Amino acid sequence: QVQLVESGGGLVQAGGSLRLSCAASGRTASSYAVGWFRQAPGKEREFVAGTFWRGGATYYADSVKGRFTISRDNAKNTVYLQMNSLTPEDTAVYYCAAANKISSSSSAYDYWGQGTQVTVSS
């Protein structure tokens, strides 16, 4: 079992920044890939960014490339999502998830956090 806890969401004005955190615990958390997803009201959950706990490549959705950055702190078992130049279209509940491999499909992920709300006002 892997437990994931997100934090860092909130209300921010358009053009602002937020940093989300995903703290992991449990068995072999470091062997997993981790992805950030988001789900806006009335929309499907979509992939935002992904990486590996042990480092390596990073992956981004086209809609966030150049604005969002995924990073990790292995000592803290935490993965971050730095979000800059936010727009109202980024408003959603953001989730982190762990899987055996990187995938943009939410169905590939076995473990999910509870989500954190991000609201961007215009």
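Note that the structure is predicted; figures quoted are calculated from it, not measured.
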| remark: In short, K43 meets Q39 closest at the heavy-atom pair O-NE2, 3.2 Å

| query | Quick one: does L81's side chain get under 4.5 Å of V48's, heavy atoms only? | reply | yes

| Would you find a donor on one side and an acceptor on the other, under 3.5 Å apart, between the side chain of T78 and the backbone of K76? | yes

| task | Applying side chain to side chain contact (heavy atoms under 4.5 Å, CB included), run through F37 and E46 and close with a yes or a no. | result | CA-CA 5 Å; F37 287 78; E46 64 173 353; 5.8 Å; no

| request: Evaluate the side-chain proximity of R67 to D90: yes if any heavy-atom separation is below 4.5 Å, no if none is. | output: yes

| query | Any idea which heavy atoms bring A99 and Y32 closest together, and the distance? | reply | O-CD2, 3.1 Å

| request: Spell out, as yes or no, whether a donor-acceptor pair under 3.5 Å connects the side chain of Y109 to the backbone of S103. | output: yes

| note | Residue pairs passing the side chain to side chain donor-acceptor pair (under 3.5 Å) test with at least one member in residues 7-21, sequence neighbours excluded, are S17-N84

| What orientation do Y94 and F68 show, parallel under 30°, tilted 30 to 60°, or perpendicular over 60°? | tilted

| message | Determine whether a donor-acceptor pair (N or O, by modelled atom type, separation under 3.5 Å) exists between the side chain of N74 and the backbone of N77. | response | no

| message | With disulfide (SG to SG under 2.5 Å) as the rule and sequence neighbours excluded, what pairs involving residues 60-122 come up? | response | C22-C96

| field | Pairwise distance CD(Q82) to CG(L18) - rounded to 0.5 angstrom | value | 8.5 Å

| Hey, what do you get for CZ (F47) to OG (S105), rounding to the nearest 0.5 Å? | 10.5 Å

| request: Provide the closest heavy-atom pair for Y59 versus I102 in the form atom of the first, atom of the second, distance. | output: CD1-CG2, 3.8 Å

| query | Should the pair R38 and Y95 be classed as cation-pi, given the thresholds of under 6.0 Å to the six-membered ring centre and 45° from the axis? | reply | no

| message | Main chain of E6, side chain of Q114: is a donor-acceptor contact present, judged purely on distance under 3.5 Å? | response | yes

Could you pull out every donor-acceptor pair under 3.5 Å between side chains of residues 115-122 and any protein atom, sequence neighbours left out?
from: T116; atom 1: OG1; to: G9; atom 2: N; distance (Å): 3.1
from: Q117; atom 1: NE2; to: A92; atom 2: O; distance (Å): 3.4
from: Q117; atom 1: NE2; to: T119; atom 2: OG1; distance (Å): 3.3

| query | Is there side-chain contact between R72 and Y80, with at least one heavy-atom pair below 4.5 Å? | reply | no

| Hey, what do you get for OG (S25) to CD (Q3), rounding to the nearest 0.5 Å? | 4.5 Å

| query | Are F52 and V34 side-chain neighbours, meaning at least one heavy-atom pair lies under 4.5 Å? | reply | no

| query | Between the main-chain N or O of I70 and the side-chain N or O of Y60, is there a donor-acceptor pair closer than 3.5 Å? | reply | yes

